[in-house]
Amino acid sequence: MSSASYRSTRSALEESLSFEDVVMTGLAHDGGLFVPSSIPTLDKGFIEDWKNLDFQQLAFKIMRLYISTTDIPDNDLSILIEKSYSTFREPEVTPLKTLDADKQIFLLELFHGPTYAFKDVALQFVGNLFEYFLEKRNKLVSEETKKQRITVVGATSGDTGSAAIYGLRGKKNVSVFILYPTGRVSPIQEEQMTTVEDLNVHTLSVKGTFDDCQDIVKQIFGDRDFDKKYSVGAVNSINWARILAQMTYYFYSYFQLMKLVGSSDGKKVRFVVPSGNFGDILAGFYAKSMGLPVDKLIIATNENDILDRFLKHGRYERSGEVKATYSPAMDILISSNFERLLWYYIRQNLTKQDDKEAGRILNSWMSQLKSDGSFTADASVVEQARSDFDSNRVSDEETIETIKNIYDAHPSKYVLDPHSAIGVRTSLSFAAKDPERNANYISLATAHPAKFAEVVDKALLAVEGYSFERDVLPTELKALSTKKKRISLVDEASVEKVKEIIVEKLGE
Ligand SMILES: Cc1ncc(COP(=O)(O)O)c(C=O)c1O
Ligand SMILES: N[C@@H](CCOP(=O)(O)O)C(=O)O
């Protein structure tokens with residue numbers, strides 16, 4: 001069954017949008033996120049049929065279920081996928097490694113793309129998609145008619161920004177504006193974003209937090225006149241294509257695991273996902289809902305723990321201030337994509353499974369979140385969330401300790417980045433509660449340690465023989481510090497100031 005029709009999570013209207021519409025629109029005009037109206041379910045035999053496919057072939061099979069052939073014909077989709085993953089350093093794209101055979105913990109390395117973080121898996125594809133759809137649209141207009149352009153506006157706590165920039169640099173008819181919180185991204189992340197020479201790329205360092213940047217981006221999308229004039233596009237995980245592209249590695253790593261442990265091992269499979277904006281783990285939710293035999297998706301948070309608190313108490317509540325932690329990419333107060341999950345749960349509980357009624361209810365919860373800073377979900381929704389997910393919160397001290405312990409214990413002195421360490425700490429804690437070893441854990445390694453030098457050094461500097469420069473830092477990243485930076489400073493988290501800069505740069 002294919003599911004190529006989309007709607008907004010907050011809409012109470014009849015809606016049926018195409019994949020191309022939702023990719024190019026980004027955020028729905030009512031402030032909701034686009035979701036496929038139904039999640040395709042796979043035939044029983046899919047594991048046998050898919051288990052030996054390579055990453056690109058699997059990506060094709062999965063994406064085909066969510067993209068109609070009218071939007072992208074087969075041959076074009078294959079070309080887009082091949083092009084997107086040809087930039088990865090590993091032929092497997094996202095290899096699965098054994099981290100601790102005894103505790104059955106496996107590490108899914110997602111950082112072999114151009115910017116050394118999991119975002120590349122989706123953003124290399126999204127960059128090519130924008131180019132593809134713009135070319136398609138511009139072929140339909142005459143030479144005299146103004147060509148359609150897109151103005152991408154994104155918020156980042158460090159990784160989305162560089163991955164979006166590397167996915168879109170130099171692309172025809174695309175301008176990119178990336179907002180990041182001043183002083184809250186690592187030096188290498190800042191260098192990756194600000195040293196790119198392509199003139200279609202602009203970086204804005206905003207005095208504020210990631211949530212401030214995300215709010216500004218959402219406000220820009222909500223400004224219909226601005227959107228009409230500049231065709232605003234999204235690279236954050238509000239863009240459905242981000243979630244879709246991330247589904248592949250849940251399937252692929254499941255099949256890799258079967259090869260590592262033997263398909264007859266019969267144990268449960270749990271994915272452990274360092275989480276912030278809930279985009280990465282949401283792709284796992286779609287994979288599970290499609291039929292991938294996953295026991296639990298485990299949310300691993302840092303001390304900004306809205307998701308962990310929701311699962312424990314059933315209340316979705318923003319805390320006062322975002323805490324600056326050792327895992328800065330996850331320093332987020334409100335997890336944008338959680339809304340998509342809630343929409344499915346709300347709809348499932350309605351007697352008539354009515355899309356419009358689900359939109360209406362979710363809209364009221366989101367308004368409450370905006371006005372009161374919290375809402376309490378229906379008990380049935382919390383129960384469903386607890387059957388699909390589990391969670392754990394990891395402190396800075398535990399993050400550092402985990403980087404050190406894994407380095408000491410691993411035969412090849414494996415160096416984790418702080419975000420991946422939060423996942424590993426969580427995997428270890430769940431494995432400890434399962435002495436019978438009934439489950440295998442696939443722990444997502446979301447970034448390369450080189451991006452977080454200060455934290456990795458804090459954990460390992462005292463260890464004899466350890467050298468960041470020699471053992472961790474790739475040559476390609478070494479060169480960044482010598483390059484010239486281009487940054488616009490925004491001294492206040494103000495949407496007007498950001499819009500002014502966008503208009504000024506586009507006029508250049
Ligand atoms: C390295 C790293 N790990 C984990 C996350 C959290 O992922 P998500 O926001 O999709 O939950 C991010 C940011 O998104 C990240 O950059
Ligand atoms: N951790 C992210 C924050 C943005 O989240 P996104 O997945 O919605 O783009 C980052 O590194 O920028």
Side-chain angles (χ1 to χ4, degrees), residues 26-27 33 108-111 113 115-123 126 152-165 167 178-181 184-186 188-190 192-193 203 206 209-215 217-218 234-243 245-247 249 271-285 297-302 304-308 322 325-341 389 391 394 399 416-424 426 443-452 455-456:
L27 186 70
L33 302 177
L108 174 55
E109 291 183 343
L110 299 172
F111 49 73
T115 69
Y116 294 82
F118 81 94
K119 310 281 168 142
D120 289 321
V121 178
L123 281 161
V126 170
V152 166
V153 187
T156 187
S157 52
D159 285 332
T160 293
S162 43
I165 288 170
I178 296 296
L179 283 58
Y180 64 91
R184 286 176 185 254
V185 301
S186 79
I188 285 202
Q189 286 176 316
E190 187 170 46
Q192 283 181 307
M193 291 189 277
T203 50
V206 179
T209 62
F210 167 75
D211 288 85
D212 294 328
C213 297
Q214 183 158 258
D215 279 351
V217 169
K218 287 192 171 177
V235 278
N236 280 106
S237 53
I238 54 180
N239 194 320
W240 164 251
R242 284 272 312 272
I243 311 295
Q246 287 165 184
M247 286 180 211
Y249 51 72
F271 283 92
V272 182
V273 188
S275 294
N277 231 0
F278 203 72
D280 201 3
I281 199 162
L282 184 74
F285 167 76
L297 297 157
I298 303 175
I299 303 165
T301 76
N302 64 20
N304 298 295
D305 58 353
I306 185 167
L307 295 166
D308 184 52
V322 71
T325 70
Y326 291 162
S327 43
M330 285 156 48
D331 290 348
I332 290 174
L333 283 182
I334 291 183
S335 304
S336 175
N337 281 288
F338 199 56
E339 174 168 350
R340 284 185 161 119
L341 178 76
F389 295 88
S391 69
V394 177
T399 307
L416 289 168
D417 100 282
H419 306 79
S420 312
I422 285 179
V424 168
T426 300
S443 207
L444 274 58
T446 49
H448 190 283
K451 297 188 89 167
F452 303 96
V455 183
V456 171

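Just so you know, ligand 1 is whichever comes first in the structure, and atom 1 is the first atom listed for that ligand.
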Next on the checklist: Let's go through Thr301 and Asp308 carefully: what are the C-alpha distance in whole Å and the side-chain angles of both, what is the deciding distance for side-chain hydrogen bond (donor to acceptor under 3.5 Å, both in side chains) to 0.1 Å, and is it a yes or a no?
Outcome noted: CA-CA 7 Å; Thr301 76; Asp308 184 52; 5.1 Å; no
Checklist entry - Between Gln214 and Asn236, is a side-chain hydrogen bond (donor to acceptor under 3.5 Å, both in side chains) present by the stated rule, with each step listed? => result CA-CA 9 Å; Gln214 183 158 258; Asn236 280 106; 5.1 Å; no
Checklist entry - Met330 heavy atoms, cut-off 4.0 Å: which ligand 1 atoms fall inside? => result 4 (C), 5 (C), 6 (C)
Next on the checklist: Within the structure, is a non-hydrogen atom of Pro274 found at a distance of less than 4.0 Å from ligand 1?
Outcome noted: yes
Item to check | atom 11 (O) of ligand 2 - nearest protein heavy atom and its distance | outcome: Asp159 N, 2.7 Å
Item to check | Nitrogen or oxygen of Phe278 less than 3.5 angstrom from that of ligand 1 | outcome: yes
Next on the checklist: Using every non-hydrogen atom in the two residues, find where Ile332 and Asn304 come nearest and quote the distance to one decimal.
Outcome noted: O-CB, 3.5 Å
Checklist outcome for this item: All heavy atoms of Ala300 vs all of Gly423, minimum pair found to be CB-CA, 4.1 Å
Checklist entry - Is it true that Arg242 lies under 4.0 Å from ligand 2, counting heavy atoms only? => result yes
Next on the checklist: Below 4.0 Å from ligand 2: does a non-hydrogen atom of Ser157 turn up there or not?
Outcome noted: yes
Checklist outcome for this item: shortest atom 12 (O) of ligand 2-to-protein heavy-atom contact is with Thr156 OG1, 2.6 Å
Checklist entry - Judging by distance only, is a nitrogen or oxygen of Asp159 under 3.5 angstrom from one on ligand 1? => result yes
Checklist outcome for this item: Note: ligand 1 atoms sitting under 4.0 Å from heavy atoms of Gly279 are 8 (P), 10 (O), 11 (O)
Item to check | Criterion side-chain hydrogen bond (donor to acceptor under 3.5 Å, both in side chains) on Arg340 and Asn337, from CA distance to verdict | outcome: CA-CA 5 Å; Arg340 284 185 161 119; Asn337 281 288; 2.6 Å; yes
Item to check | Heavy atom of the protein closest to atom 12 (C) of ligand 1 (residue, atom name, distance) | outcome: Phe118 CE2, 3.6 Å
Item to check | Between Phe285 and Phe271, ring centroids under 6.0 Å | outcome: no
Checklist outcome for this item: Near Asp280 (heavy-atom distance under 4.0 Å), the atoms of ligand 1 are 10 (O)
Item to check | Considering all heavy atoms, the nearest Asp417-Pro449 contact | outcome: CB-CA, 3.6 Å
Item to check | Distance (rounded to the nearest 0.5 Å) between Leu110 CG and Asp280 CG | outcome: 6.5 Å
Checklist entry - Do Asp331 and Ser157 have side-chain N/O donor and acceptor atoms under 3.5 Å apart? => result no
Next on the checklist: For atom 8 (O) of ligand 2, what is the closest protein heavy atom, and at what distance to 0.1 Å?
Outcome noted: Ser237 OG, 2.5 Å
Item to check | Smallest separation among heavy atoms of Val456 and Pro418, with atom names | outcome: CG2-CD, 4.3 Å
Item to check | Location of contacts on Asn277 toward ligand 2, heavy atoms closer than 4.0 Å | outcome: side chain
Checklist entry - Side chains of Lys119 and Thr160: is there a donor and an acceptor less than 3.5 Å apart? => result yes
Next on the checklist: Any heavy atom of Ser336 closer to ligand 2 than 4.0 angstrom?
Outcome noted: no
Checklist entry - Numbering the atoms of ligand 2 from 1, which are under 4.0 Å from a heavy atom of Gly158? => result 10 (C), 11 (O), 12 (O)
Next on the checklist: Just to check, does Phe210 reach to within less than 4.0 Å of ligand 2 when the distance is taken from its heavy atoms?
Outcome noted: yes
Checklist entry - Below 3.5 angstrom, do we get any N/O pair linking Ser275 and ligand 1? => result no
Checklist entry - In terms of residue, atom name and distance, what is the protein heavy atom nearest to atom 11 (O) of ligand 1? => result Gly276 N, 2.7 Å
Item to check | Contact check: Ala447 vs ligand 1, nitrogen or oxygen atoms, below 3.5 angstrom | outcome: no
Checklist outcome for this item: One should read off an interatomic distance between Leu33 CG and Ile243 CD1, to the nearest 0.5 angstrom, of 8.5 Å
Item to check | Aromatic centroids of Phe111 and Tyr116 separated by under 6.0 Å | outcome: no
Checklist entry - In terms of side-chain heavy atoms, does Ser336 have a donor or acceptor partner in Asn277 at a distance below 3.5 Å? => result no
Checklist entry - Do Asn277 and ligand 1 have an N or O pair less than 3.5 Å apart? => result yes
Checklist entry - Does Lys119 reach ligand 2, in the sense of a heavy atom lying below 4.0 Å from it? => result yes
Next on the checklist: Which residue and atom name correspond to the protein heavy atom nearest atom 1 (N) of ligand 2, and how close is it?
Outcome noted: Ala329 O, 2.8 Å
Item to check | Considering all heavy atoms, the nearest Ala164-Ile178 contact | outcome: CB-CD1, 4.1 Å
Next on the checklist: Under 4.0 Å from a heavy atom of His419: which atoms of ligand 1 are those, numbered in the order shown and with their elements?
Outcome noted: 1 (C), 2 (C), 3 (N)
Item to check | Per-atom contacts, ligand 1 versus Lys119 - under 4.0 Å to a heavy atom | outcome: 13 (C), 14 (O), 16 (O)
Item to check | atom 2 (C) of ligand 1 [closest protein heavy-atom partner, distance rounded to 0.1 Å] | outcome: Thr446 OG1, 3.5 Å
